[in-house]
Amino acid sequence: MSKHTSAINVAVIGAGLIGARHAKLLDALPQTELFAIVDPVNKPGSDGFGKQVSHFDSFQEFLERSAECDGAIIATPNHTHKDIAERCLSHGIACLVEKPLAANSDDAREILKASEASGKPVLVGHHRRHHKASQELKRLIEGGSLGSIVGAQVSWVLRKPDEYFAAGDWRTKAGGGPVWINLIHEIDLLRYFIGEIVEVSSMLSNSTRGTEAEDTGVISMRFENDAVCSAILSDASPSPWHFEGGSGENPNIAYTGQDGMRIFGTQASISFPSMSVWRHESAEGHWGTAITQHKPITDTTMDGEVALSKQLEHFVDVVKGNTQPLVSARDGLQSVRVVEAIHASAKINQSVSVDLM
């Protein structure tokens with residue numbers, strides 16, 4: 001495929017499962033050139049990247065030869081995000097950092113500071129905001145179609161296979177459980193749809209798998225506008241009720257057609273990602289009057305490549321200075337703070353306030 005003369009050069013740092021997907025999409029987009037793959041193990045040609053792509057075993061070697069690199073996708077383990085992002089930014093390279101932004105809020109704050117100091121942007125890889133259905137739900141809420149939001153309900157329950165944990169023992173350690181790895185996506189969407197989360201109360205359990213990381217939990221959240229949310233999560237139980245099942249966006253997780261989120265307003269409620277809206281036939285409707293279902297949009301296609309491609313197209317505009325990041329470093333930091341508060345609450349068995357910037 002011929003590239004646009006204005007295509008930007010983007011490197012992929014960390015070419016594991018998600019990094020490999022990014023590399024293939026970058027190679028196909030006319031707006032981008034796959035500048036290099038930086039990974040000591042996964043090499044060009046070993047996983048379908050194309051054999052003409054430059055490869056660096058050493059991150060330092062990449063930096064020394066990065067003068068023509070415009071952007072980098074950081075898809076390495078969470079604890080490495082801070083150092084890699086800071087060094088890329090100091091070399092004038094804009095960053096798309098896979099979620100979570102960092103392994104803790106201190107590191108996330110340092111990435112934000114580095115972005116501000118360098119003048120180079122950071123986009124956080126909470127790709128679900130880029131789905132058409134997510135954009136439409138945001139529009140419906142802001143337009144008042146649902147009325148005032150009073151609450152939300154989230155389910156993220158499925159059973160991960162044993163080989164998932166065998167492939168990386170970090171997934172059994174603190175920071176490798178479904179709160180950090182999975183629920184943080186829902187936290188980002190809830191913040192995007194409803195507003196900032198200011199208080200959490202949680203109970204977490206690791207009794208099913210018996211590892212250091214949690215496998216099951218229940219969380220209550222309160223938003224700045226006083227709306228509330230309840231969430232249940234588990235990676236140890238068969239269930240159709242999770243975002244991946246309802247969207248079909250992850251090729252590794254079976255499609256179920258069932259929703260994982262509901263948002264409740266004073267005029268209507270909506271389930272997501274199916275975008276099924278329920279409302280009474282009149283504004284004065286109540287439990288004794290008919291309630292009907294409809295969809296504001298019919299195209300809710302959420303194949304994972306759709307959102308990832310849209311995110312990369314957005315990253316091009318961010319790098320060129322045409323727009324601000326849809327998910328900024330500040331957003332990424334705030335979602336990390338919520339996750340830390342969830343774990344803190346479970347540890348002390350009481351509610352915890354979430355600091356706002």
Side-chain angles (χ1 to χ4, degrees), residues 17-22 24-25 28 75 96 98-100 123-141 145-146 149 152-161 164 178-194 219 229-264 268-278 293-315 326-327 331-332 335:
L17 290 176
I18 188 63
R21 290 173 71 187
H22 281 306
K24 292 171 186 176
L25 291 171
L96 193 171
E98 267 300 332
K99 65 82 193 169
L123 172 66
V124 185
H126 285 291
H127 66 277
R128 293 180 186 172
R129 291 198 193 190
H130 297 268
H131 282 300
K132 181 178 180 180
S134 299
Q135 296 294 312
E136 179 66 8
L137 179 49
K138 173 76 167 175
R139 187 190 68 80
L140 288 175
I141 292 173
S145 178
L146 305 181
I149 303 302
Q153 183 183 55
V154 171
S155 296
W156 192 90
V157 179
L158 45 64
R159 186 165 64 194
K160 292 179 179 177
Y164 171 88
V179 175
W180 272 108
I181 303 303
N182 307 108
L183 190 72
I184 195 168
H185 270 309
E186 273 67 29
I187 288 168
D188 175 72
L189 283 179
L190 287 167
R191 292 181 50 248
Y192 184 54
F193 294 148
I194 302 175
I219 299 109
C229 174
S230 66
I232 183 166
L233 75 154
S234 179
D235 63 16
S237 173
S239 156
W241 300 294
H242 41 86
F243 177 87
E244 291 87 345
S247 66
E249 74 153 27
N250 189 324
N252 298 313
I253 300 176
Y255 175 74
T256 66
Q258 300 296 310
D259 288 314
M261 181 182 294
R262 297 175 179 86
I263 296 178
F264 309 103
S269 296
I270 189 167
S271 55
F272 181 81
S274 72
M275 297 293 287
S276 296
V277 176
W278 290 86
Q293 179 187 21
H294 71 96
K295 287 189 177 183
I297 60 174
T298 56
D299 179 13
T300 56
T301 303
M302 300 184 86
D303 180 283
E305 308 307 327
V306 171
L308 290 177
S309 292
K310 290 292 185 184
Q311 181 178 247
L312 289 175
E313 292 170 0
H314 174 65
F315 186 49
L326 179 62
V327 190
D331 276 319
S335 290

Classify the ring geometry between Phe243 and His131 as parallel (under 30°), tilted (30 to 60°) or perpendicular (over 60°). tilted
Taking side chain as C-beta onward, heavy atoms only, is Lys99 less than 4.5 Å from Ile181? yes
Please identify each residue that fulfils ring-ring contact (aromatic ring centres under 6.0 Å, His included) with His130, with sequence neighbours left out. His314
Heavy-atom closest contact (Pro273 atom, Gly260 atom, distance): CD-N, 4.2 Å
The test is side chain to side chain contact (heavy atoms under 4.5 Å, CB included); show your working for Phe272 and Leu189 and say whether it passes. CA-CA 11 Å; Phe272 181 81; Leu189 283 179; 3.9 Å; yes
Looking at residues at least two apart in the chain, or sitting in another chain, which of them share a side-chain contact (heavy atoms from CB on, under 4.5 Å) with Ser271? Asp259, Arg262, Ser274, Ser276
Apply side-chain hydrogen bond (donor to acceptor under 3.5 Å, both in side chains) to Ser155 and list each qualifying residue two or more places apart in sequence or on a separate chain. none
Gap between atom CD1 of Ile187 and atom CH2 of Trp180 - 0.5 Å precision: 9.0 Å
Going by the rule salt bridge (Lys or Arg N to Asp or Glu O under 4.0 Å), which residues pair with Arg139 if we only count those two or more places apart in sequence or in a different chain? Glu136
With sequence neighbours excluded, what pairs up with Ile253 under the side-chain contact (heavy atoms from CB on, under 4.5 Å) test? Leu158, His242, Glu244, Asn250
Atom of Ala152, atom of Ile194 and distance for their closest heavy-atom approach: CB-CD1, 3.9 Å
Over all atoms of both residues, closest heavy-atom pair of Pro178 and Trp156: CB-CZ3, 4.0 Å
Results of side-chain hydrogen bond (donor to acceptor under 3.5 Å, both in side chains) for Gln258 - residues two or more places apart only: none
Is the count of non-hydrogen atoms from other residues, nucleotides or ligands lying under 6.0 Å from Lys138 atom NZ greater than 12? yes
Nearest heavy-atom approach of Thr256 to Pro240 is OG1-O, 2.8 Å
Enter the distance from Leu233:CG to Asn182:CG here, rounded to the nearest 0.5 Å. 8.0 Å
For Arg129, check salt bridge (Lys or Arg N to Asp or Glu O under 4.0 Å) against everything at least two apart and list the hits. Asp188, Asp331
From Ile270 atom CD1 to Leu137 atom CG, the distance as rounded to the nearest 0.5 Å: 5.0 Å
Does the side chain to side chain contact (heavy atoms under 4.5 Å, CB included) test come out yes or no for Met261 and Leu190, once each step is laid out? CA-CA 9 Å; Met261 181 182 294; Leu190 287 167; 4.1 Å; yes
Partner residues of Tyr164 under the side-chain hydrogen bond (donor to acceptor under 3.5 Å, both in side chains) criterion, sequence neighbours left out: Lys160
What heavy-atom pair brings Phe264 and Ser269 nearest, and what distance separates the two atoms? CD2-OG, 3.3 Å
For His22, all residues meeting ring-ring contact (aromatic ring centres under 6.0 Å, His included), sequence neighbours excluded: none
Closest non-hydrogen atoms of Val124 and Gly332, given as atom of the first, atom of the second and distance, are CG2-CA, 4.0 Å
Would you give the length of the straight line joining atom CG of Leu96 to atom CG of Leu123, rounded to the nearest 0.5 angstrom? 4.0 Å
Ser145: what forms a side-chain hydrogen bond (donor to acceptor under 3.5 Å, both in side chains) with it, not counting sequence neighbours? Arg279
Can you list everything that forms a side-chain contact (heavy atoms from CB on, under 4.5 Å) with Ala75? Sequence neighbours excluded, please. Ile18, Glu98
Is there side-chain contact between Lys310 and Glu313, with at least one heavy-atom pair below 4.5 Å? yes
Nearest-0.5 Å distance, CD of residue Gln311 to CZ of residue Arg128: 12.0 Å
From Glu186 atom CD to Cys229 atom SG, the distance as rounded to the nearest 0.5 Å: 9.5 Å
Non-neighbouring partners of Tyr192 that pass ring-ring contact (aromatic ring centres under 6.0 Å, His included), sequence neighbours left out: none
